[in-house]
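This report refers to the structure that appears directly beneath it.
As the structure is a prediction and not an experimental result, all values here were calculated from the model.
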Amino acid sequence: MTDTPPPPVPSTRLSAWGWFAVIVLIGLLLVAIAYAVHAWGVIDATMSTAGWVFLILGIVVTTALGAGLMALVFYSSRHDYDR
């Protein structure tokens with residue numbers, strides 16, 4: 001039996017087009033944030049204390065859920081449960 005060499009490891013560096021895509025996406029994110037801030041100021045919206053509490057609670061719960069699910073993905077991958 002002959003041993004076959006392992007496949008080549010792909011490069012983890014971004015090419016010029018990869019960096020271009022990252023820059024374009026960051027630019028689009030900044031434009032979206034600027035538009036959201038502008039729109040919030042134009043409509044002169046006010047939120048009650050309960051609104052702020054539930055907004056913050058929603059952000060915390062959503063972040064915790066995402067972190068928990070990612071932890072489960074990494075755990076199952078490390079312990080070969082996902083084969």
In Å and rounded to the nearest 0.5 Å, what is the CG to CG distance from L30 to L25?
->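 Separation between the atoms: 11.0 Å.
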Hey, could you give me each pair passing ring pair (Phe, Tyr, Trp, His ring centres under 6.0 Å) that has a residue in residues 8-35? Not counting sequence neighbours.
->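 Every pair satisfying ring pair (Phe, Tyr, Trp, His ring centres under 6.0 Å) with a residue in residues 8-35: W17-F20.
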In the single-linkage hydrophobic clustering (I, L, V, M, F, W, Y; side-chain heavy atoms under 4.5 Å), do V61 and F54 co-cluster?
->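 Same cluster: V61 reaches F54 through Ile, Leu, Val, Met, Phe, Trp or Tyr contacts under 4.5 Å.
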Test item: T63 side-chain N/O and I59 main-chain N/O as donor-acceptor pair under 3.5 Å =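 Pair found, side chain donor or acceptor close to backbone of I59.
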Does the side chain of L55 reach to within under 4.5 Å of the side chain of W52, using non-hydrogen atoms?
->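 When only atoms from C-beta onward are counted, W52 and L55 do touch, with a gap below 4.5 Å.
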Quick one: ring-ring contact (aromatic ring centres under 6.0 Å, His included) partners of H38, sequence neighbours excluded?
->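 None.
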